[in-house]
Amino acid sequence: MVAVFFVSTGVALAGNTDFKLERLCSNGSCSSEQSVNDFRDLSKAYASILAPMHFQPASTLGQAGFEIGVESKMSFSTEDASYWKAINKNEGATSADGKYAAPDVFATVQLHMRKGLPFSFEVEGVFNWLANSEVFYVGAGLRWAFTEGWWFMPDISVRAHVGTLMGAPQLSLINVNMDIAASYTWGLGGIVSITPYAGYSLLTAWASSRPLQLGIDETGRSIEDVFRKVTHHMSRGFVGLELKGDYFVFGVEGEFGAQVMSLGLKVGANF
């Protein structure tokens with residue numbers, strides 16, 4: 001079942017999730033109100049889709065702990081809108097009311113590494129690929145579980161994560177994620193532990209475009225324009241469950257935002 005989930009995320013999508021930002025421009029310019037709004041909404045959606053899910057309880061791995069996991073995230077857009085005309089799925093499509101359909105699902109496959117540090121700190125590294133595209137995301141983070149080991153108290157942690165987009169020659173995107181999570185762990189027969197967790201995430205993203213080729217003017221010169229930097233602030237909630245043994249870890253997580261909702265699955269090993 002797990003193998004089917006991970007394999008299907010790479011092949012189940014119809015169409016290409018790469019994009020061409022010049023499709024948002026009109027009349028040789030990207031400065032119209034509609035074009036700017038479309039770029040703002042498209043970059044906001046991709047920032048949310050590519051941002052890694054939490055995929056960890058509030059407790060840390062401990063000073064000597066190390067974990068590596070493979071995670072898959074399936075994201076669903078909650079709206080059909082004009083900015084989706086930029087993605088390759090809608091190349092050549094027309095729409096009488098200006099609306100274009102988003103892909104049924106955006107799937108990412110992610111390599112996630114975590115290393116425990118003293119004093120309930122932890123560092124992480126993430127490498128993320130958007131299926132059916134040439135787009136990658138690379139990020140790193142630092143987490144502190146400030147109530148870890150406090151008798152009957154749940155574990156509570158705060159995390160800072162920063163990442164950037166790669167493989168998208170037209171788009172510059174930087175994500176900064178701040179979140180807080182709470183979890184509580186129960187042992188099951190001394191063999192495995194089960195940890196439900198929940199939290200809140202504030203994602204801030206800065207997006208701009210590189211020069212876009214919009215055509216040729218009457219003198220034969222190339223027409224270029226850019227989308228200037230926009231800033232996004234996105235609130236997201238998440239809930240998850242982790243099952244952990246001596247050397248393995250399995251988790252599921254749901255993430256809820258205004259524009260994109262996601263469901264994720266994780267399998268990994270811990271040492």
Side-chain angles (χ1 to χ4, degrees), residues 2 5-6 8-10 13 17 44-61 67-78 103 105-115 122-131 133 135-143 145 155-165 173-183 194-205 232-244 249-270:
V2 173
F5 183 91
F6 281 114
S8 65
T9 57
L13 302 184
T17 50
K44 183 177 181 180
Y46 269 82
S48 182
I49 289 165
L50 288 162
M53 299 180 80
H54 197 77
F55 270 130
Q56 53 197 310
S59 57
T60 66
L61 297 170
E67 180 181 290
I68 183 168
V70 178
E71 302 160 355
S72 186
K73 171 183 174 182
M74 303 181 72
S75 300
F76 309 87
S77 172
T78 59
V105 60
F106 291 89
T108 60
V109 180
Q110 174 175 293
L111 181 65
H112 190 180
M113 294 169 288
R114 299 165 55 200
K115 177 66 179 75
E122 188 175 280
V123 293
E124 68 175 358
V126 171
F127 183 79
N128 198 1
W129 171 60
L130 178 62
S133 81
V135 176
F136 295 86
Y137 175 95
V138 178
L142 177 67
R143 193 160 63 93
D155 296 317
I156 302 175
S157 69
V158 290
R159 181 185 70 155
H161 175 97
V162 60
T164 188
L165 199 64
L173 179 69
I174 296 176
N175 278 356
V176 174
N177 198 81
M178 304 293 294
D179 55 47
I180 183 168
S183 67
I194 184 168
T195 307
Y197 61 90
Y200 166 80
S201 173
L202 176 62
L203 174 63
T204 300
H232 307 292
H233 300 287
M234 291 166 273
S235 293
R236 303 179 296 167
F238 57 88
V239 293
L241 184 70
E242 182 180 88
L243 184 68
K244 188 173 184 179
V249 60
F250 173 82
V252 293
E253 184 175 315
E255 185 180 79
F256 313 97
Q259 192 177 14
V260 174
M261 302 181 69
S262 302
L263 176 66
L265 178 66
K266 164 185 175 178
V267 292
N270 59 79

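Just so we're clear, the structure is a prediction, and the values are computed from it rather than from any experiment.
With hydrogens and angles left out, the side-chain atoms of His161 and Glu124 include a donor and acceptor closer than 3.5 Å. Side chains of Arg114 and Asn270: a donor-acceptor N/O pair is absent below 3.5 angstrom, by distance only.
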Open item on the list: One pair to check against side-chain contact (heavy atoms from CB on, under 4.5 Å): Tyr200 and Leu202. What are the steps and the verdict?
Closed with: CA-CA 7 Å; Tyr200 166 80; Leu202 176 62; 4.0 Å; yes
Task: Candidate pair Ser48 and Gln259, rule side-chain contact (heavy atoms from CB on, under 4.5 Å), full reasoning - done: CA-CA 8 Å; Ser48 182; Gln259 192 177 14; 5.9 Å; no
Open item on the list: Quick one, Asn177 with Asn175, criterion side-chain hydrogen bond (donor to acceptor under 3.5 Å, both in side chains). Give me CA distance, side-chain angles, the key distance, then yes/no.
Closed with: CA-CA 6 Å; Asn177 198 81; Asn175 278 356; over 6 Å; no
Task: Tyr197 and Gln56: CA distance, side-chain angles, deciding distance, side-chain hydrogen bond (donor to acceptor under 3.5 Å, both in side chains) verdict - done: CA-CA 8 Å; Tyr197 61 90; Gln56 53 197 310; over 6 Å; no
- [ ] Applying side-chain contact (heavy atoms from CB on, under 4.5 Å), run through Thr17 and Val135 and close with a yes or a no.
- [x] CA-CA 9 Å; Thr17 50; Val135 176; over 6 Å; no
- [ ] Go through the steps for Leu265 and Phe250 under the test side-chain contact (heavy atoms from CB on, under 4.5 Å), then give the verdict.
- [x] CA-CA 8 Å; Leu265 178 66; Phe250 173 82; 3.3 Å; yes
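At least one donor-acceptor pair closer than 3.5 Å links the side chain of Lys73 to the backbone N or O of Ala51. For the pair Asn128 (side chain) and Thr108 (backbone), a donor-acceptor distance under 3.5 Å is absent. At least one donor-acceptor pair under 3.5 Å links the side chain of Arg143 to the backbone N or O of Ser59. A distance-only check finds a donor-acceptor pair linking the side chain of Glu253 to the backbone of Phe55 [under 3.5 Å]. Using modelled atom types, no side-chain atom of Gln110 and backbone atom of Val126 make a donor-acceptor pair closer than 3.5 Å. Not one N or O on the side chain of Ser262 forms a donor-acceptor pair closer than 3.5 Å with the backbone of Phe76. The closest donor-acceptor contact from the side chain of Lys115 to the backbone of Gly125 lies at 3.5 Å or more, if one exists at all.
Residues Leu111 and Trp129 are not in side-chain contact: their nearest non-hydrogen atoms beyond the backbone lie 4.5 Å or more apart.
Leu263 CG to Met74 CE: the interatomic distance, rounded to the nearest 0.5 Å, is 7.5 Å. The distance from atom OG of Ser157 to atom NE2 of His54, rounded to the nearest 0.5 Å, is 5.0 Å.
Ring planes of Phe106 and Tyr46: perpendicular class, angle over 60° (limits at 30 and 60°).
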